[in-house]
Amino acid sequence: MQIRRVAATAFVTTVFLAVLTDASFASPSTAKPKKLKVTSPAFADNQPIPDGFTCDGANASPPLRLAKLPKSTKDRAMIVTDPDAPIGTIVHWVAWHLPKSGLPEQNIPAGVAQGKNTLGNQAWN
């Protein structure tokens, strides 16, 4: 299956980064949420993701950097979706137990758990 190149903004804006802290999810909080920052040195915001990170190339997972995480963060999880893919919304990747600093290109560190994506793989697609 060939899917067009996805703009970096679609990638970054559809990345869901869950931060688990000491705060209870059951009770509402009046604290202002902190802004997390997810970037990649492989592509700039508002630019296409290079083919090497797509099914048109090597389909390598891109390097990702996480910043501005609250000090009380206990875990990091990410769901990467593409809501405007030609076949409808697809899930590229589901992962949790991410390192605090982010991920290197194509090398998922030991301890990172991965869920199934739209293609049924437990990997980046």
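Between the side chain of Ser40 and the backbone N or O of Ala42, at least one donor-acceptor pair lies under 3.5 Å. Remark: side-chain polar atoms of Gln122 are not paired, donor with acceptor, to backbone N or O of Gly115 under 3.5 angstrom.
Remark: Thr73 OG1 to Leu98 CG distance equals 11.5 Å, nearest 0.5 Å. Rounding to the nearest 0.5 Å gives a distance of 7.0 Å between OG1 of Thr118 and CD1 of Ile87. To the nearest 0.5 Å, atom CG of residue Asn125 and atom CG of residue Leu119 are 4.5 Å apart. Considering NZ of Lys100 and CZ of Arg76, their distance stands at 6.0 Å, rounded to 0.5 Å. Atom CG of Asn59 is separated from atom CG of Asn121 by 9.0 Å, given to the nearest 0.5 angstrom. To the nearest 0.5 Å, atoms CD1 (Ile49) and CG (Asp56) are separated by 11.5 Å.
Taking each heavy atom of Ala123 and Asn117 in turn, the nearest pair found is O-ND2, 2.8 Å. Summarising the geometry of Pro41 relative to Arg65, their closest heavy-atom pair is CG-NH2, 3.8 Å, with the distance given to 0.1 Å. A pairwise comparison of heavy atoms in Ala77 and Trp96 identifies CB-CB, 3.7 Å as the closest pair. The heavy-atom pair separating Ser61 from Asn107 by the smallest distance is OG-N, 4.5 Å. Heavy atoms only, all atoms of each residue included: Phe53 and Ala60 are closest at CD2-O, 3.1 Å. Heavy-atom minimum distance, Gly102 versus Leu66: CA-CG, 3.9 Å.
Taking the side chain as every heavy atom from C-beta outward, Leu36 and Pro70 approach each other to under 4.5 Å. Looking only at side-chain heavy atoms (C-beta outward), Leu64 and Glu105 stay at 4.5 Å or farther from each other. No side-chain heavy atom of Leu103 sits less than 4.5 Å from a side-chain heavy atom of Met78.
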How far apart are the C-alpha atoms of Gln114 and Val94, what are their side-chain angles, what is the distance that settles it, and do they pass the side chain to side chain contact (heavy atoms under 4.5 Å, CB included) test? CA-CA 6 Å; Gln114 299 180 81; Val94 178; over 6 Å; no
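Ring-plane geometry between Trp124 and His92 is classed as parallel, the angle between the planes falling under 30 degrees on a 0 to 90 degree scale with a further cut at 60.
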